[in-house]
There are 2 protein chains.
Amino acid sequence: MTQPGGRRAGTARPTLADVAREAGVSTALVSIVMRGVPGASDATRARVQAVADGMGYVRDERARKLRQSSSRLIGVTFDLQQAFHGDLVEHLYGAAAARGYDLAISAVAPTRDEDVAIQALLRERCEVAVLLGSALDDAVLASTAQRVPLLLVARRSEVDGVSSVHSDDAGGVGLAVDHLVSLGHRRLVHVDGADAPGADDRRRGFALAVERHGLTSQAQIVPGGPTEHDGSRAAEALLYAPARPSAVVAFNDRCAAGVLDLLVRRQVDVPGDVSVVGYDDSRLAVGPHAQMSTISQNAAEMAEAAIDGALDLLDGGDPREVVLAPHLVARSTSGPASGTELLD
Amino acid sequence: MTQPGGRRAGTARPTLADVAREAGVSTALVSIVMRGVPGASDATRARVQAVADGMGYVRDERARKLRQSSSRLIGVTFDLQQAFHGDLVEHLYGAAAARGYDLAISAVAPTRDEDVAIQALLRERCEVAVLLGSALDDAVLASTAQRVPLLLVARRSEVDGVSSVHSDDAGGVGLAVDHLVSLGHRRLVHVDGADAPGADDRRRGFALAVERHGLTSQAQIVPGGPTEHDGSRAAEALLYAPARPSAVVAFNDRCAAGVLDLLVRRQVDVPGDVSVVGYDDSRLAVGPHAQMSTISQNAAEMAEAAIDGALDLLDGGDPREVVLAPHLVARSTSGPASGTELLD
DNA sequence: CGGCGAGGCCCCGGTCCCTTT
DNA sequence: CAAAGGGACCGGGGCCTCGCC
């Protein structure tokens, strides 16, 4: 009750000035100690540190970043429902911290638009924004890029001034096709991603790969989507098709999980009767359907590349496109084609 | 090039002062216009707004919150891998916004400890922290609560001064048991959550419920865990048990998904041979295993209660425990017991 | 007298109270 | 009294100065 002002007890957190008063030194000195920079004697340093710890002092990142010319803050938008985004965010934290940057994350969800998420980041004065799997159209991306340097992850960018980091989607699907063909499969199907980011490239990659193997006439692309439900529906339709495929390349792991679930449910043996390959190597791939064969995008590598690209943009580097090589992770949902398949 | 100082072109974002200079007014007036508060004529308001829009002005939330006595910021920690946390975060955004608060979210993941996530929130000077499914022990919670008001979601708190919002876990499992018993099931199994938050209560609820129905001797609790893998393993063990159960109550939806996957894979008919009930009603419940019967915690309601509780704590209210009533969502993984079951 | 430890002071970008026209 | 301006201030950071051994 030393203060006549009616401030709520316990609410106020100690500031540099509070610590300085308590320790009997200036705020500048406390600042020096808290930052661990030269300018204080060891004895003073220890004493001030002890006082700060005792008071539970935590520095105000807001005030600190306000004063500094550079906020050293990277904004990230991600989709709360996408498991792969979760993997990416986790590694983005690590990659940013390793370079002395903080992360401000802003979620996208059915009731929270991507624009809203980006506006929130702009108000936080992040120096660059990293958008995971953005669904914004080129016009919006272009106008956003004029307000803040922009880097897209897991999506290609046709937009001027926008960097991007994504895996070689067409090539990745090609790896899946190569793998299946080498196992003896001939009748291949691609359950596509409809209008999801990357779906075009994966469709194209599938078409190119089957052509390369001279299997175009036996191959098929069926409409799917990015969710388990889409995969299930597509698989159901395939079961009633005249010539049942012997191998399926799904748009992503979620889609593949839907395909797998329906096949297992219909007592189709995987990989005995049908092989299935997913895309992403998200946590789903090693989940309940344990050991899904899939194309891995390597979240850690992608996150590193994203932070590198973002900081390069900040340093005045030209926007650029980084294409990562995906690789095949053959687990237990893909196997040799059955005998009948080999006959045709 | 009006400034001789070598600042990087295009990097600097306009400030209030820039807008004021451009519009030929004071910063105070621009502030009034940007906040939409009384104190400016309509004509001036329109003119200043136009200038600000033209310059692409976005206010600096950091500076604003620094000046304001209250930061109106709620910190949230959540697990990137938990689908249910994603649902909660989405609704927390909405609930906080409805009360004029911002959210600062900080993720927890295998390589990012809960302590690290909380420290980040403290540096952002959030006024209260909402922890989703915290795994911190009581001692750490108690010491954290001394630095910032704390509210736990989806976990009970024994700690003094900490509020909590969670569903009635024991009661919820009771609902599942009642449902299954009413369908004629007698040999019930609970695949538990090991040491996950809430697992104790759900075990207890199961034991109480089967006792209430006089089925203790035929009931069983087997070790499980919070992941699909745990569910799968437990289900596998059950298939080799002497008396196969006719119904399973899983710790959560992920665990139930694992159980379901293994059963389907082993060609056990669900719900013909075995009924399965999950817990959470997360996105998984309506995912690939379409239409899982489960106990719903209603993320929207929980989020509302969490924000209410957090703000109440801020207003000086006493810490309190809010227990929400879970409810049964009977979908297609639970059905009548088979004939053999009814005989014993 | 040189160098190190420490303090004074303004600044970052808004907000808000008070004063002026 | 409404509209607009002036200036202190929130919590730290960084430059410059000063005292002292």
Side-chain angles (χ1 to χ4, degrees), chain A residues 5 7 11-49 51-52 55-73 100 102 122-127, chain B residues 5 7 11-49 51-52 55-73 100 102 122-127:
Chain A
R7 76 158 181 226
T11 296
R13 283 195 282 231
T15 70
L16 267 193
D18 295 328
V19 176
R21 197 179 313 117
E22 188 81 9
V25 296
S26 71
T27 59
L29 188 52
V30 179
S31 174
I32 284 169
V33 172
M34 298 315 295
R35 280 177 291 152
V37 298
S41 64
D42 287 349
T44 312
R45 198 175 290 274
R47 190 165 52 84
V48 170
Q49 187 68 57
V51 171
M55 300 177 73
Y57 171 77
V58 178
R59 94 173 144 216
D60 187 331
E61 203 59 36
R62 197 182 305 124
R64 171 204 204 17
K65 286 192 190 305
L66 175 60
R67 166 62 190 171
Q68 290 177 329
S69 51
S70 147
S71 68
R72 296 189 81 80
L73 186 64
D102 284 338
L122 288 179
R123 283 194 298 268
E124 295 298 324
R125 276 294 185 273
C126 61
E127 299 185 294
Chain B
R7 77 162 180 220
T11 296
R13 283 195 282 232
T15 70
L16 265 194
D18 295 328
V19 177
R21 197 178 314 116
E22 188 80 9
V25 296
S26 71
T27 60
L29 187 53
V30 179
S31 175
I32 284 171
V33 172
M34 298 316 293
R35 281 177 289 151
V37 297
S41 66
D42 288 349
T44 312
R45 199 175 289 276
R47 190 165 54 85
V48 169
Q49 187 68 56
V51 171
M55 299 177 74
Y57 172 77
V58 178
R59 95 175 141 214
D60 187 330
E61 202 61 34
R62 188 169 295 118
R64 163 200 252 276
K65 287 192 190 306
L66 174 60
R67 166 61 206 201
Q68 290 176 326
S69 50
S70 146
S71 68
R72 298 189 79 79
L73 186 63
D102 283 337
L122 288 179
R123 283 195 297 269
E124 295 297 324
R125 277 293 186 276
C126 61
E127 300 186 294

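Just so we're on the same page: letters track the sequence lines, and every chain starts at 1. The analysis underlying the following values was restricted to heavy atoms, covering all of them including side chains, and did not include hydrogens, waters or symmetry mates.
- Backbone-only contact: B:Val25 has heavy atoms under 4.0 Å from sugar-phosphate atoms and none from a base.
- Evaluation of the salt bridge (Lys or Arg N to Asp or Glu O under 4.0 Å) test over residues 24-45 of chain A, restricted to residues two or more places apart or in two chains, returns none.
- Under 4.0 Å is where a charged nitrogen must lie from a carboxylate oxygen, and between A:Arg123 and B:Asp102 no such pair does.
- Nearest heavy-atom pair, B:Ala40 versus B:Leu29, reported as atom, atom and distance to 0.1 Å: CB-CD1, 3.7 Å.
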Under 4.0 Å protein heavy-atom contact, by nucleotide of nucleotides 8-21 of chain C - B base, S sugar-phosphate only
B--BBBBBB-----

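- Using five terminal pairs a side, the axes of the helix from C:dG2-D:dC21 to C:dT21-D:dA2 at its two ends make an angle of 50°, given in steps of 10 degrees.
- Going from atom CG of B:Leu122 over to atom CG of A:Asp60 covers 11.0 Å, rounded to the nearest 0.5 Å.
- Interface limits on DNA chain D: the 5'-most and 3'-most nucleotides within less than 4.0 Å of chain A heavy atoms are D:dG11 to D:dG14.
- When all heavy atoms are compared, the tightest approach of B:Met34 to B:Ala52 is SD-CB, 4.1 Å.
- Contact check for B:Val51 versus B:Tyr57: no side-chain heavy atoms found under the 4.5 Å cut-off.
- Looking at residues 39-46 of chain A, you'll see A:Gly39, A:Ala40, A:Ser41, A:Thr44 sit with a heavy atom under 4.0 Å from some atom of DNA chain C.
- A:Arg59 contributes atom CZ, which lies 3.5 Å from atom CZ of A:Arg64 (distance to the nearest 0.5 angstrom).
- In terms of the side chain to side chain contact (heavy atoms under 4.5 Å, CB included) criterion, residue partners of B:Asp18 (sequence neighbours excluded) are, by chain and number, B:Pro14, B:Thr15, B:Arg21, B:Met55.
- Note that CD of A:Glu61 is 8.5 Å distant from CG of A:Leu73, once rounded to the nearest 0.5 Å.
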